[in-house]
Protein chains: 2
Amino acid sequence: MSRLSATIDDVARVAGVHRSTVSRALNPQTQVKLSPETTRRVQQAARKLGYVPNAVARGLRTNESMSVGVVIPDILNPIFPPIISGIDSILRPAGYTALVTDIQGGQNAYEAALASLRQRRVDGLILATAHLDDGESFHRLHEQGVRAVLVNRAAASSPFPLVHGDDTGGMRAALDHLATLGHVRIAHLHGPEGLSTTEGRRAAFDEWSRQHPEVTVTASYCGPLTAEGGQEIMDALLDASTEAQSRPTAVVTGNDLMALGALRSLRVRGLHCPEDMSIVGFNDMPFADEFSPPLTTVRVPLRQLGVESARLLVQQLHGEGSGAMELTFPVTLMVRGSTAPPRG
Amino acid sequence: MSRLSATIDDVARVAGVHRSTVSRALNPQTQVKLSPETTRRVQQAARKLGYVPNAVARGLRTNESMSVGVVIPDILNPIFPPIISGIDSILRPAGYTALVTDIQGGQNAYEAALASLRQRRVDGLILATAHLDDGESFHRLHEQGVRAVLVNRAAASSPFPLVHGDDTGGMRAALDHLATLGHVRIAHLHGPEGLSTTEGRRAAFDEWSRQHPEVTVTASYCGPLTAEGGQEIMDALLDASTEAQSRPTAVVTGNDLMALGALRSLRVRGLHCPEDMSIVGFNDMPFADEFSPPLTTVRVPLRQLGVESARLLVQQLHGEGSGAMELTFPVTLMVRGSTAPPRG
DNA sequence: CTGTTAGCGCATTCAA
DNA sequence: TTGAATGCGCTAACAG
């Protein structure tokens, strides 16, 4: 930033003390060991020179960068700002800077992001990426001494703490709601296979349907977790069942963006939600209640997910290590305008 | 991250060369000066040891952190993810890491964020914060050799490049649209005073109204740039004009979140948009077209703002310095469902 | 309570 | 083409 900023030696010279004394005077931890008079003189000199401690040099010496890598799959997905905000609200007061890394493009970008963060010697990692197949890589990271927390995702057997919403309970609540309304043909429009959220929600869907033989699970479609993906697979679903008789009357989508796309698909075809099709989303992303119609969806406490994941990581970094564990937050079905009894 | 990672000396030992040779072999710039055989041996040793270069140590030596501070007022405002995404798409390929800092709480947090970023020795700054009164502080930063770009904001006299949308043109387009529809009583629900976007848009509003004496500008309300703020000041506006006769029939809001709040205010009172009140937002934030009704708003090319600001900063960092300059992007009025001719 | 000494890991200048 | 020496700015032993 400024090439010409004063160093600790400059301050020492002005204050007439040794650099180590300056270091002590400027560090709250060690400050107590100095005479108040010296402390005062040093701080005055520092202010006079506009001294800004060099965190890079300190990091090299202490082997702590006081930074944390936060890896997310897509910053344009509105569920992440609340999560990031929650993370930041814990990290910042604890003295850590979050290095938020959006990996947009998938696995390659993920590897690159990890490499970049390791070069920067982040003290820990908060991973919100959802690829299920990196369970093995987690163990490798763990063996290398990496501190990490996984958020908004599950994992087969994770050596790191897990923080996520109760996907199973959420899916059950959604399906119970639809069944109570009288729906007997329900589809699940889920996200890409291999994502932990996809698999977890789909497993819950399958389990529920086994327990409710009176309800026909007509189909399960798969697409990207975006509005475009949701629109495409709702199109496909509508195309597949030409006779309205056999068509599902309700769907649960993999997330709210997909639900949004499904709404668009209906609109384009002149169909109406909830009259022609009930839709339940997942997450309760910001503004889901402003859609037309307001989206019935499973609310996940996103900000809280962020807060707790950061808290767990800071604990690890402080050596109050909580190793493998799972923190599951209850979710709430928000019943709004996109669900209603089936027509007829 | 991993406490026990190999150093350049470890690699040197395994490869049977000196550390400086390792440094050269691993740096594309200096690699040419080595024999291919040596380069190969070093790289092989590095791979074998799982060597990860230490960016902290390099930063101390080179006085470059290869990081850039990105300061934003509120990550929960949906206009920022696209901007951040645009920034990242330039910074990352150029080798820089974005340190995104959300200052939520205003001026104190802003100062703290700047201090933190300076300690980390970021190479440059992208500022999306909008306080108008820090024009002076910009000059101070500039004199200290700080490299920076201001995005999504104007400034009285900035020593740094400015990248923003054409607020004046956007406001004019919005008002022309409303006038064409037949509105003759229009209000501007703007954001907090002292924000550059507030002042710019308000000035354009005032100028337009001077040129259109046939249109009554009944009032100008001020509140925070949030949905809650928008709802409050729409409430106030409706309370103030009890007789529907004198009430404005259309409003332009400071941003889309305020427009959203205004919509809620109407809904709570049993009024309808656009029948009882036309609303024009500003920015075209993600999902503004999904509101009920879909929001007529001024589209600002948010992602592009991010891209260009990052490009300008990287130029500065490469010494291809473009100093003070202003990059104004054209905006587009997106006419959707929230505007219509006034009733009667 | 304060000074001395040492070295974190790397890039770079100067020799050879 | 490679090796040797130096120091970026800081904190942490260890003395005194």
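Model, not experiment: these values are computed from the prediction. Every chain is numbered from 1, with letters handed out A, B, ... down the list of sequences.
- Atom CG of A:Leu26 is separated from atom P of D:dT11 by 8 Å (rounded to the nearest Å).
- Residue contacts shown for B:Val56 are absent, as no nucleic acid heavy atom lies under 4.0 Å away.
- Residues that satisfy the side-chain hydrogen bond (donor to acceptor under 3.5 Å, both in side chains) test with A:Asn27, not counting sequence neighbours, are absent from this structure.
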query = Which letters describe nucleotides 11-16 of chain C, given B = protein heavy atom under 4.0 Å from base, S = only from sugar-phosphate, - = neither?
reply = BBB---
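- Projected onto DNA chain D by closest heavy-atom contact, B:Ser35 and B:Ala57 fall at different nucleotides, the more 5' of which corresponds to B:Ser35.
- Whole-Å rounding puts the A:Leu34 CG to D:dT11 C1' distance at 14 Å.
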Show me the donor-acceptor pairs within less than 3.5 Å that the side chains of residues 303-318 of chain B make with the rest of the protein, sequence neighbours left out.
| from | atom 1 | to | atom 2 | distance (Å) |
| --- | --- | --- | --- | --- |
| B:Arg303 | NH1 | B:Ser85 | OG | 2.6 |
| B:Glu308 | OE1 | B:Arg311 | NE | 3.4 |
| B:Glu308 | OE2 | B:Arg311 | NE | 3.4 |
| B:Glu308 | OE2 | B:Arg311 | NH2 | 3.4 |
| B:Ser309 | OG | B:Leu305 | O | 3.1 |
| B:Ser309 | OG | B:Gly306 | O | 2.8 |
| B:Gln316 | NE2 | B:Ala148 | O | 2.9 |

task = I would like to know whether A:Arg40 and A:Glu37 meet salt bridge (Lys or Arg N to Asp or Glu O under 4.0 Å); could you show each step before the answer?
result = CA-CA 5 Å; A:Arg40 201 193 51 72; A:Glu37 158 61 12; 3.5 Å; yes
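- Look at CG on A:Asn63: it is 22 Å from P on C:dA6, rounded to the nearest Å.
- Considering only residues two or more places apart in sequence or on other chains, A:Thr39 meets the side-chain hydrogen bond (donor to acceptor under 3.5 Å, both in side chains) condition with none of them.
- Residues satisfying the side-chain contact (heavy atoms from CB on, under 4.5 Å) test with B:Ser158, not counting sequence neighbours, are B:Leu150, B:Ala155, B:Phe160, B:Leu162.
- Rounded to an integer number of Å, the gap from CZ of B:Arg13 to P of D:dG3 is 14 Å.
- If you take CD of B:Glu64 and P of D:dG9, they are 14 Å apart, rounded to a whole angstrom.
- Counting to the nearest Å, the C1' atom of C:dT2 and the CD atom of A:Gln31 are 15 Å from each other.
- When the P atom of D:dT11 is taken as reference, atom CG of A:Leu60 falls 11 Å away, rounded to whole Å.
- Rounded to an integer number of Å, the gap from B:Arg41 CZ to D:dT1 C1' is 12 Å.
- The side-chain hydrogen bond (donor to acceptor under 3.5 Å, both in side chains) test applied to B:Gln31 returns no partner, not counting sequence neighbours.
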